[in-house]
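Right, one structure below, let's go through it.
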Amino acid sequence: MADEAKARGNAAFSSRDYRSAVRHFSDAIALAPANHVLYSNRSAAHASLHAYADALADAEKTVELKPDWAKGYSRLGAAYQGLGRYDDAVSAYRRGLEVDPGNEALKSGLADAQQAAAGPSRSRAGPPPNNPFGDVFQGQEMWAKLTADPTTRGYLQQPDFVKMMQDLQKNPSSLNLYLKDQRVMQALGVLLNVKLHTPGQDAGFEAEAEAESSAANKPDNKPAKAPEPEAEPEPEPMEVSEEEREVKERKAQAQKEKEAGNAAYKKKDFETAILHYTKAIELDDEDISFLTNRAAVYLEMGRYEDCIKDCDKAVERGRELRSDFKMVARALTRKGTALVKMAKCSKDYEPAIETFQKALTEHRNPDTLKKLNEAEKAKKELEQQEYFDPKLADEEREKGNEYFKEQKYPEAVKHYTESLRRNPKDAKAYSNRAACYTKLGALPEGLKDAEKCIELDPTFSKGYTRKGAVQFFMKEYDKALETYQEGLKHDPNNQELLDGVRRCVEQINKASRGDLTPDELKERQAKAMQDPEIQNILTDPVMRQVLIDFQENPKAAQEHQKNPMVMSKIQKLVSAGIVQIR
């Protein structure tokens with residue numbers, strides 16, 4: 001289905017396997033060629049591979065299918081910008097803003113495109129005099145320095161970071177557009193050979209542990225570097241405005257409120273935790289972890305609607321601020337969990353499943369994947385429960401019986417199958433469908449249904465007659481005999497089972513007497529050699545010696561005949577036509 005292919009594409013995209021993402025989205029498009037979202041997703045995957053011409057074609061198709069969808073224009077602008085067609089990119093972003101004037105992604109894209117459009121005219125004369133960082137982004141030396149540093153080396157595996165650094169090579173003046181990204185600040189420090197301090201996030205119960213500091217102390221195989229010259233004294237900090245000082249203080253206070261909220265959360269003092277997180281949100285609306293933490297508290301308290309509202313706000317604000325994709329994914333996962341808690345029927349699981357899938361496109365988290373699988377399983381189980389109706393199941397089985405009497409076996413199978421969907425525990429329906437499959441020559445399917453019938457009701461004689469009949473038609477006479485004999489334990493006087501035993505014995509004795517034609521013997525031997533049990537007997541060193549003794553050592557053969565296990569195996573070989581006793 002298209003949704004499954006789309007989900008696989010989203011998962012591949014989130015794990016940065018963009019070529020697989022393109023393939024899966026293409027499969028989805030083949031199944032749903034009018035779905036604008038699929039073209040949009042494939043455009044993003046093409047752009048990540050720097051295949052901007054393909055990205056442009058998909059973006060144009062997206063806009064064609066859904067001209068009132070803002071994201072289509074965002075894809076269009078990104079593709080134009082990747083191709084260096086900055087004026088077209090500006091035009092695309094403006095068209096999108098006509099559809100959605102408040103869209104922050106389009107506004108940001110427009111600013112980037114306008115900056116890039118103005119860039120070449122300035123770059124021809126080299127970096128502007130007032131930009132002291134222009135030279136550090138030039139040439140291959142930049143990439144060599146970033147590769148040598150253990151921290152920035154990891155960033156080079158991230159396509160968005162590489163794209164930013166390529167943009168800075170083309171136009172160093174656009175540095176101010178990326179200063180909020182801590183990776184760029186880290187890279188700038190490496191290139192300038194200075195330590196730049198960037199504000200860190202308080203861990204709380206949201207943050208993930210980092211091990212870079214310990215990794216830096218580990219020995220490696222590289223030769224030791226010469227000692228660095230003593231650093232110059234740091235200059236006195238520049239004076240900041242009253243407004244900037246106030247913002248900094250508010251952010252610091254917000255982090256303290258978050259810490260207090262975390263402590264209260266761990267003590268299960270949820271009301272106090274909510275008060276602290278709410279205060280943190282009021283002080284600083286640029287850190288979405290305050291919202292996701294408060295959502296976690298609401299989730300614990302069973303206030304699922306409030307949890308969902310906070311998660312939605314976190315996702316919306318996170319996209320505006322271009323927050324870490326892991327934080328956005330966490331908010332989506334938390335929302336999906338709340339939706340699962342609220343689910344009362346199979347349909348209620350659909351928005352939860354969709355939310356988990358969106359979270360996986362942001363970040364491939366094993367916990368989110370587990371929650372998705374559990375939600376899909378729960379939905380399927382509920383669907384079966386909701387569909388369960390023994391009365392309708394009986395009606396469908398009776399319809400199947402009528403078609404069976406008329407020898408319309410495919411139609412009968414259809415009704416028996418519907419009967420089993422309505423009541424999967426009906427042994428009679430499995431027995432009847434097994435009979436249909438046998439008539440149609442679908443022996444493996446018939447055998448499977450007969451075995452299921454016996455599993456559901458071991459005392460139901462029909463199950464054994466169905467299974468024995470299938471095995472007989474498959475010329476597995478030993479197995480059929482065992483099945484009929486097992487059935488007689490539950491119903492000793494059942495005529496069908498007794499007749500089955502008689503037919504099997506006749507066929508087995510026919511082989512024992514050597515009454516099989518050469519073709520029959522050849523066919524039976526070929527079939528027997530595919531049986532794992534026969535193969536085990538023939539490869540058993542003890543049984544091989546027994547067979548030799550039967551041919552060459554009559555005295556030893558008499559001793560073997562006293563062993564019931566040996567004679568049972570000999571009988572199986574005789575029945576299979578492998579051995580003949582004269």
Side-chain angles (χ1 to χ4, degrees), residues 104 108 179-186 196-213 237-339 341-342 355 359 362-363 365 367-368:
E104 292 298 328
S108 177
L179 289 180
K180 286 187 178 181
D181 193 305
Q182 292 187 18
R183 297 172 298 173
V184 173
M185 293 298 293
Q186 181 75 28
L196 295 180
H197 295 276
T198 56
Q201 274 192 316
D202 173 58
F205 67 85
E206 290 283 8
E208 297 180 8
E210 296 184 6
E212 289 181 4
S213 58
M238 295 175 61
E239 290 190 15
V240 295
S241 67
E242 188 64 32
E243 183 180 352
E244 289 174 325
R245 184 180 294 108
E246 184 180 342
V247 169
K248 187 176 180 180
E249 290 174 356
R250 287 172 66 88
K251 285 183 178 292
Q253 184 59 37
Q255 288 297 327
K256 290 181 180 178
E257 292 291 344
K258 177 182 176 180
E259 290 174 9
N262 293 347
Y265 176 86
K266 290 175 182 177
K267 294 177 183 177
K268 304 291 184 182
D269 185 358
F270 298 136
E271 293 292 349
T272 301
I274 287 174
L275 291 174
H276 286 298
Y277 291 135
T278 301
K279 184 64 175 175
I281 293 166
E282 292 170 355
L283 289 166
D284 179 8
D285 68 346
E286 292 188 350
D287 188 337
I288 65 172
S289 70
F290 307 150
L291 282 166
T292 57
N293 281 17
R294 190 171 70 176
V297 181
Y298 284 140
L299 186 64
E300 288 282 346
M301 297 175 71
R303 293 171 59 176
Y304 303 127
E305 294 285 357
D306 291 329
C307 172
I308 291 170
K309 287 178 183 177
D310 270 3
C311 290
D312 285 338
K313 288 178 186 175
V315 172
E316 180 183 0
R317 189 68 177 132
R319 299 209 190 285
E320 290 174 359
L321 298 169
R322 298 187 179 182
S323 300
D324 185 348
F325 55 84
K326 290 182 182 178
M327 292 296 295
V328 175
R330 184 178 289 125
L332 288 166
T333 299
R334 202 149 283 166
K335 176 183 177 181
T337 304
L339 289 168
K341 296 284 188 182
M342 295 170 65
T355 303
E362 298 289 338
H363 175 53
N365 183 287
D367 181 60
T368 304

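- Across every non-hydrogen atom of Ala359 and Leu332, the tightest pair is CB-CB, 3.6 Å.
- Contact record, Val315 with Ala331: CG2-CB, 3.8 Å, taken as the closest heavy-atom pair.
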(message) Evaluate Met327 against Glu362 for side-chain contact (heavy atoms from CB on, under 4.5 Å), listing each step before the verdict.
(response) CA-CA 9 Å; Met327 292 296 295; Glu362 298 289 338; over 6 Å; no
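- Looking at every heavy atom in both residues, Gly336 comes nearest to Thr355 through N-CG2, 3.7 Å.
- Counting heavy atoms from C-beta outward, His276 and Lys256 have side chains that stay 4.5 Å or more apart.
- Using a 4.5 Å cut-off on side-chain heavy atoms (C-beta onward), Cys307 and Lys335 make no contact.
- The side-chain heavy atoms of Gln253 and Lys279, taken from C-beta on, include no pair separated by under 4.5 Å.
- Side-chain contact between Phe290 and Glu282 is absent, with no heavy atoms from C-beta onward closer than 4.5 Å.
- The shortest heavy-atom contact between Ala273 and Gly261 is CB-O, 3.5 Å.
- Residues Tyr298 and Tyr304 form no side-chain contact, since every pair of their non-hydrogen atoms from C-beta on lies 4.5 Å or further apart.
- Panel note: side chain Asn365, backbone Thr368; a donor-acceptor pair is recorded below 3.5 Å.
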(request) Please report the C-alpha distance between Gln255 and Asp287 in whole Å, then the side-chain angles of each, then the deciding distance to 0.1 Å, and finally whether the side-chain hydrogen bond (donor to acceptor under 3.5 Å, both in side chains) criterion is met. (result) CA-CA 9 Å; Gln255 288 297 327; Asp287 188 337; 3.2 Å; yes
(request) Under the side-chain contact (heavy atoms from CB on, under 4.5 Å) rule, what do Met301 and Ile274 come out as? Steps first, then yes or no, please. (result) CA-CA 11 Å; Met301 297 175 71; Ile274 287 174; 3.5 Å; yes
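- Between the CD atom in Glu305 and the CG atom in Leu339 there is a gap of 8.5 Å [rounded to 0.5 Å].
- Taking 4.5 Å as the limit, every side-chain heavy atom of Arg334 sits out of range of all side-chain heavy atoms of Asp310.
- Under a 3.5 Å cut-off, the side chain of Tyr277 and the backbone N or O of Ala260 do not form any donor-acceptor pair.
- With Arg330 contributing its side chain and Thr292 its backbone, the two residues share no donor-acceptor pair below 3.5 Å.
- Looking at heavy atoms from C-beta onward, Tyr265 lies out of side-chain contact with Asn293 at the 4.5 angstrom threshold.
- Atom NZ of Lys251 has more than 12 neighbouring heavy atoms from other residues, nucleotides or ligands inside a 6.0 Å radius.
- The pair Lys313-Glu316 does not meet the salt-bridge criterion, since no charged nitrogen lies less than 4.0 angstrom from a carboxylate oxygen.
- In this structure the side chain of Ile281 never reaches within 4.5 angstrom of the side chain of Asp285, judged on heavy atoms.
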